[in-house]
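One-based numbering, in listed order, for ligands and for the atoms of each. Note that the coordinates shown come from a computational prediction; the quantities given were computed from them, not determined experimentally. Side-chain atoms are counted along with the backbone in the values below, which use heavy atoms only and exclude waters and symmetry mates.
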Amino acid sequence: MRYALLADIHANLAAFTAVLGDIERHAAVDELWCLGDIVGYGPDPGQCLELLQECKHISVAGNHDLAAIGKLDINLLNPEAAYAVRWTSQQLSPEDVTYLSSLPAVIERDDFTLVHGSPRESVWEYLISTSSAEKNFAYFNSSFCLVGHSHIPLVFKQDENGGCSSIPFTAGIGQALGKSRMIINPGGVGQPRDGDPRASYAIYDSESNVVRLYRVAYDISATQIRMVKRNLPMRLVARLEKGL
Ligand code: ZN
């Protein structure tokens with residue numbers, strides 16, 4: 001079986017569409033595993049929700065998903081994110097709200113645990129350092145944990161002595177899943193933050209037991225124009241081309 005690992009689509013339809021096209025080019029997948037933040041920041045929340053639901057998928061809830069349906073305090077977000085979430089919540093149909101309300105915080109599937117932020121704090125914690133990753137291995141039972149939220153592709157591997165190291169997660173190079181437990185972030189589809197503005201996602205092949213990262217160029221200006229038309233904050237518009 002093959003699974004596409006997607007995080008942080010963030011209502012960026014051009015990026016999401018480009019990623020789905022790229023997945024098809026590499027060979028079809030059996031299911032999408034979505035790590036939350038389907039909406040927020042971007043200009044096309046309804047269309048991204050619709051497109052995701054057309055695909056066979058499972059998804060956890062992200063902080064922006066919860067904020068957009070009033071399940072998380074908007075004031076906990078930075079002012080630009082809060083503005084975008086308020087705008088997003090005005091665009092959602094009753095069906096969109098029902099769907100977002102149905103998303104769980106944690107999904108366990110095969111030998112994977114899916115969360116948005118971290119297994120210790122499913123919605124809020126950013127897993128970007130080995131010190132925080134090390135502590136989080138105690139908070140899930142499966143061998144592997146998939147996270148999003150930081151929008152940065154990362155792999156943390158637990159050592160035999162319980163320590164932790166980060167290993168490079170480079171596009172195109174397969175990451176073999178072995179006996180060591182790992183926390184894996186496939187990067188962000190709709191707002192990458194590792195300095196590479198291309199959309200980021202990964203494919204997990206359960207037969208070869210390999211996770212491979214992919215980067216996909218998409219029409220960034222198309223998304224930016226749509227954001228400007230919707231009066232979304234200019235800093236959010238500008239950051240897309242920088243990938244930061
Ligand atoms: Zn996000």
Enquirer: Report yes if the distance between the aromatic ring centroids of F112 and Y204 is under 6.0 Å, otherwise no.
Expert: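 Yes - the distance between ring centres of F112 and Y204 falls below the 6.0 Å cut-off.
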Enquirer: Going by atom types alone, do R193 and Q191 pair a side-chain donor with an acceptor below 3.5 Å?
Expert: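 R193 vs Q191: donor-acceptor pair found between side chains.
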Enquirer: Can you run down the salt bridge (Lys or Arg N to Asp or Glu O under 4.0 Å) pairs that involve residues 71-84, sequence neighbours left out, and say none if there aren't any?
Expert: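 Found E80-R235.
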Enquirer: So what's near the Zn ion (ligand 1), protein N, O or S atoms under 2.8 Å?
Expert: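 Under 2.8 Å from the Zn ion (ligand 1) - ignoring waters, which are not counted - the protein N, O or S atoms are D8 OD1, H10 NE2, D37 OD2, H151 NE2.
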Enquirer: When you check the gap from the basic side-chain N to the acidic O, do R2 and E207 get nearer than 4.0 Å?
Expert: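 So R2 does not pair with E207 through a salt bridge.
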Enquirer: Give a yes or no on this: more than 12 heavy atoms of other residues, nucleotides or ligands lie within 6.0 Å of atom CG of N141.
Expert: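 For N141, atom CG is not crowded (no more than 12 foreign heavy atoms under 6.0 Å).
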Enquirer: D22 vs Y201, test: side chain to side chain donor-acceptor pair (under 3.5 Å). Steps then yes/no.
Expert: CA-CA 10 Å; D22 198 63; Y201 77 98; 2.7 Å; yes
